[in-house]
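Chain letters run A, B, ... following the sequence lines, proteins first, then strands; residues in each count from 1. The figures that follow rest on heavy atoms only: side chains count, while hydrogens, waters and symmetry mates do not. Worth saying up front: this structure is predicted, and the values here are computed from it rather than measured.
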Amino acid sequence: MEDETSDFKKRYDAIFKVLQESSGSNEIQLVDGGEHADLSSTQAFIVAKEKKIPPATWAQDFVSTYSRAISETASATVKAAGPYLNFYFDDSYLANALSNATQPGYGSSLKKTIRVVLEHTSANPNGPLHVGHIRNSIIGDTLARAFRKAGYRLEVQYYVNDMGRQIAIVIWGFDHLDSAQAEGEKEDAHIARIYIAANRAIEKDAAITGQVDTLMQLVEGGDPATVKKFRKEVSRCLDGFAVTLKNLNVAHNRFVWESDFIRNGDTKRVISRIKKLPQAKEEGTLALDLSEFGFENKYVIRRTDGTSVYAARDLAFHAWKAANFDRIIDVLGADHKLIGAQLQCTLKLLGERTPEIVYFEFVSLPEGSMSTRAGKFVSADDLITEVTKHAFHEVTMRRPELEESTRKSIASSVALAAIRYDIVKVSPETRTVFDWNDALNFERQSGPYIQYAHARACSILEKAGTFTECCELETDYEIALARQIAKFPIVIGKVITELRPHFLATYARELADTFNSFYHFEPVLKSEGAVRDRRLTLVKAAQNTLKESLETLGIDAISTM
RNA sequence: GGGCGAGUGGCUUAGCCCGGACAUAGCGUCAGCCUCCUAAGCUGAAUGCCGGGGGUUCAAAUCCCCCCUCGCCCGCCA
């Protein structure tokens with residue numbers, strides 16, 4: 001089990017301390033050495049400035065004076081490359097890492113007691129999930145998996161916006177339009193069809209807006225018949241989402257309904273607390289003046305007619321999360337940045353724990369932004385269907401001898417890998433345009449590419465039979481692979497501290513790259529004796545690390561493809 | 001108008017928070033590799049004023065200022 005006391009961290013801290021002593025500086029430079037070394041330092045430049053000596057000279061002096069200390073406290077050697085200091089861990093570092101990496105659950109940490117709540121997806125139930133929504137789902141689900149891997153107690157929630165205007169429009173459509181469900185039509189697609197039709201009707205006849213308002217008042221007032229209708233259609237839409245999310249290997253622990261925060265009085269309670277804030281302004285509406293924090297507009301909490309707005313329910317929801325969890329994480333689209341910041345600011349004023357918010361930029365189509373209302377979107381279901389079809393075709397071309405059921409099973413795993421990886425690999429702040437060619441690409445920088453490396457490793461292990469574990473490495477390819485394997489627990493740690501799941505996507509791809517080079521240049525099954533043993537050990541470690549990486553990405557680690 | 005984010009080879013993309021050693025990789029292009037562990041693979045080549053301009057620094061894709069372009073947001077919607 002890796003933890004705060006991991007081998008890497010111990011060595012890092014030891015070297016850090018020596019650098020502190022030797023330079024007498026407050027500022028210590030010690031980073032990943034990349035291709036140069038295990039760790040590198042540019043401390044010489046800092047010291048050179050302070051003490052007016054050439055950096056290369058100081059680096060040389062450091063090596064002669066502190067080599068011994070480095071060796072004793074960090075089991076590492078140090079070399080000066082001009083002004084740069086390069087630190088190389090001794091063989092035990094890779095040997096330990098390799099030995100850990102062959103064990104099930106590699107990369108997991110000790111169980112932690114803090115409770116984390118993670119909210120993601122939370123799309124309005126007015127139509128199927130589309131390729132924009134599932135960016136939220138996949139970022140959120142990958143983070144969730146990384147948290148669990150790191151030993152956190154985690155609850156994943158979906159916040160159901162069941163009393164919004166969009167839903168009222170859907171209900172109006174069901175009441176007034178030809179709304180029968182078509183043969184074989186999925187619930188969420190059915191609801192989208194009615195929602196789109198209702199919006200067209202509203203465009204033609206503005207009077208309908210008044211009827212929609214009436215529905216909203218009825219539902220907030222708790223009119224039983226209206227509430228029942230809302231619940232029914234929202235539930236049906238969620239049933240549709242459940243199928244999509246299951247196909248994407250995305251899971252939630254709890255669906256939290258927005259209207260519950262009206263019913264249980266939480267919204268009222270949070271509003272009365274807000275009233276007491278010095279920033280509160282009651283002039284018909286209840287609103288907060290957050291201008292001292294840089295927010296220009298008023299943050300409205302309650303309408304003139306006494307009903308609450310979304311923000312009020314969201315505050316109640318977050319106050320509840322704050323009371324029950326130690327760390328709160330929300331995954332939201334970039335369009336929520338302003339209201340997210342206002343929410344955080346208000347919770348702070350109330351003295352509540354504030355959520356950490358992960359924002360992701362929009363996915364658009366080549367012809368422009370997506371819109372459920374206008375019916376302009378690529379649904380996640382269609383995406384899954386098309387990619388699976390393509391995957392089945394590819395599997396059949398490559399492995400015609402396999403049973404059809406096996407090919408189908410591989411195809412669905414490959415499709416899932418392609419979709420999830422294609423989305424999670426780009427950093428959240430990068431705006432993307434959905435592209436069928438990218439979605440259907442199963443080559444390098446794709447999920448299937450990483451699955452393929454894993455399948456190759458499995459194939460070798462299956463043919464190898466038993467072997468004696470051996471962690472003494474020789475060639476450059478062996479060492480490069482082991483170094484990459486050793487980084488896995490550090491990457492998991494980075495993903496959860498920085499809330500950036502694409503680090504893991506990049507890591508898994510690099511691990512597959514390194515493994516493929518090793519595979520190409522270092523024959524395993526044809527080698528003999530100790531060479532065979534250590535290469536098989538490496539293959540086992542690589543296979544297991546690829547498996548753990550893939551599974552944390554929510555991708556099946558299949559053993560043949 | 002204000003706020004936030006982005007601009008990196010023909011296309012896509014990492015690095016930016018925390019400045020350092022030849023800017024990461026993919027697609028596409030070109031040249032190679034299956035009597036050898038799955039070619040969804042591997043090797044090599046060409047292609048970059050890291051949007052523009054200033055500044056800070058021994059050192060800037062990275063930090064600061066200005067400008068340009070694009071996206072999102074600025075509702076008693078959610």
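- Taken from NE2 in A:His502 to OG in A:Ser427, the straight-line distance is 5.0 Å, to the nearest 0.5 Å.
- Applying the side-chain contact (heavy atoms from CB on, under 4.5 Å) criterion to A:Ser364, with sequence neighbours excluded, gives A:Val433.
- Scanning RNA chain B for stems, defined as runs of 3 or more consecutive Watson-Crick or G-U wobble pairs whose donor-acceptor distances all fall under 3.5 Å, gives the following ranges: B:1-7 with B:68-74, B:10-12 with B:25-27, B:29-33 with B:41-45, B:51-55 with B:63-67.
- No contact: A:Arg532 has no heavy atom under 4.0 Å from any strand.
- If you check every strand for non-hydrogen atoms under 4.0 Å, A:Phe515 touches nothing.
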Sort me out a list of protein N/O and nucleotides 70-73 of chain B N/O pairs below 3.5 Å, or just none if empty.
residue	atom	partner	partner atom	Å
B:C70	O2'	A:Arg431	NH1	3.2
B:C70	O2	A:Arg431	NH2	3.0
B:G71	O4'	A:Arg431	NH1	3.4

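- Counting any heavy atom pair closer than 4.0 Å across all strands shown, A:Glu283 reaches no nucleic acid atom.
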Could you pull out all donor-acceptor pairs under 3.5 Å where a side-chain atom in residues 291-299 of chain A meets a protein atom, sequence neighbours excluded?
residue	atom	partner	partner atom	Å
A:Ser291	OG	A:Asp289	OD1	2.7
A:Glu292	OE2	A:Gln279	NE2	2.9
A:Asn297	OD1	A:Gln342	NE2	3.3

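- Taking the ring centre of A:Tyr88 as origin, the terminal cationic atom of A:Lys79 falls inside the region bounded by 6.0 Å and 45° from the ring axis.
- Side-chain proximity of A:Gln29 to B:G15, B:C76, B:G19: nearest is B:G19.
- Residue A:Thr307 is out of contact with every strand shown, counting any heavy-atom pair closer than 4.0 Å.
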For this session: Just do the salt bridge (charged side-chain N to carboxylate O under 4.0 Å, His left out) check on A:Arg483 and A:Asp38 with the steps written out, would you?
Result: CA-CA 8 Å; A:Arg483 285 183 68 194; A:Asp38 290 306; 3.4 Å; yes
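- Contacts of A:Val539 with the nucleic acid, taken as non-hydrogen atoms under 4.0 Å apart, are absent.
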What N/O pairs connect the protein and nucleotides 29-34 of chain B at under 3.5 Å? Give each pair on its own line.
none

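- Nearest-nucleotide positions on RNA chain B place A:Val433 closer to the 5' end than the other of A:Gln445 and A:Val433.
- When the side-chain nitrogen and oxygen atoms of A:Arg444 are compared with OP1 and OP2 of B:G26, one or more of them lie within a distance under 4.0 Å.
- Glycosidic conformation, B:C34: syn, with the torsion inside 90° of 0.
- Here A:His36 packs flat against the base of B:A21; its ring centre is closer than 5.5 angstrom to the base's six-membered ring, tilted by less than 30 degrees.
- You won't find any donor-acceptor pair under 3.5 Å spanning the side chain of A:Glu522 and the base of B:C37, going by distance alone.
- Aromatic ring pairs are classed by plane angle as parallel below 30°, tilted from 30° to 60° and perpendicular above 60°; the pair A:Phe255 and A:Tyr158 is parallel.
- Listed by first and then second residue, the salt bridge (Lys or Arg N to Asp or Glu O under 4.0 Å) pairs involving residues 440-458 of chain A are A:Arg444-A:Asp513 (not counting sequence neighbours).
- As judged by a 4.0 angstrom heavy-atom cut-off over every strand, A:Ser559 is placed among the base-contacting residues.
- Side-chain N/O atoms of A:Thr430 include none lying less than 4.0 angstrom from OP1 or OP2 on B:A6.
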Name every donor-acceptor pair, under 3.5 Å, that has one atom in a side chain of residues 457-467 of chain A and the other anywhere in the protein, sequence neighbours excluded.
none

Name the pairs: protein N/O against N/O of nucleotides 58-64 of chain B, kept only if under 3.5 Å.
none

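- Proximity of residues 51-61 of chain A to RNA chain B (heavy atom under 4.0 angstrom from any strand atom) is not detected for any residue.
- Taken to the nearest 0.5 Å, the NE2 atom of A:His318 stands 8.5 Å off from the CG atom of A:Leu315.
- A donor and an acceptor atom sit less than 3.5 Å apart, one in the side chain of A:Ser40 and one in the base of B:A21.
- With sequence neighbours left out, A:Thr285 forms a side chain to side chain donor-acceptor pair (under 3.5 Å) with no residue at all.
- Among the nucleotides B:A40, B:A78, B:C42, the one closest to the side chain of A:Tyr310 is B:A78.
- When distances run from any side-chain atom of A:Tyr449 to the nucleotides B:C42, B:G20, B:A78, the shortest one goes to B:C42.
- The base of B:A39 lies outside donor-acceptor range of the side chain of A:Asn516, with no N or O pair under 3.5 Å.
- Out of B:C18, B:A78, B:C37, the shortest distance to the side chain of A:Met216 is found at B:A78.
- Taking the side chain to side chain donor-acceptor pair (under 3.5 Å) definition, one finds that A:Ser413 meets it with A:Asp556, sequence neighbours left out.
- Shown here are the side-chain contact (heavy atoms from CB on, under 4.5 Å) partners of A:Lys494, two or more places apart in sequence or in another chain: A:Glu498, A:Phe503.
- Residue A:Asn126 is classed as having no contact, given no heavy-atom separation below 4.0 Å to the nucleic acid.
- The side chain of A:Glu296 approaches B:G2 more closely than any other nucleotide in the set B:C27, B:C22, B:G2.
- Residue-level contact check: A:Met561 touches the bases, meaning some heavy atom is under 4.0 Å from a base atom.
- Ring pair A:Phe62/A:Phe87 is perpendicular by interplanar angle, where above 60° counts as perpendicular and below 30° as parallel.
- Checked against a 6.0 Å centroid threshold, the rings of A:Phe442 and A:Tyr449 do not count as neighbours.
- Among the atoms of the strands shown, only primed sugar atoms or phosphate atoms (P, OP1, OP2) are found under 4.0 Å from some heavy atom of A:Glu258.
- If you check every strand for non-hydrogen atoms under 4.0 Å, A:Arg302 touches nothing.
- Phosphate proximity of B:U43 to A:Tyr519: absent, as no side-chain N or O sits under 4.0 Å from OP1 or OP2.
- Between A:Phe515 and A:Phe518, the ring planes are tilted. Angles from 30° to 60° get that label.
- Geometrically, A:Arg263 does not engage A:Trp257 in a cation-pi contact, judged by NZ or CZ lying under 6.0 Å from the ring centre and within 45° of the ring axis.
- Relative to the ring axis of A:Phe45, A:Lys49 does not place its NZ or CZ within 45° and under 6.0 Å from the centre.
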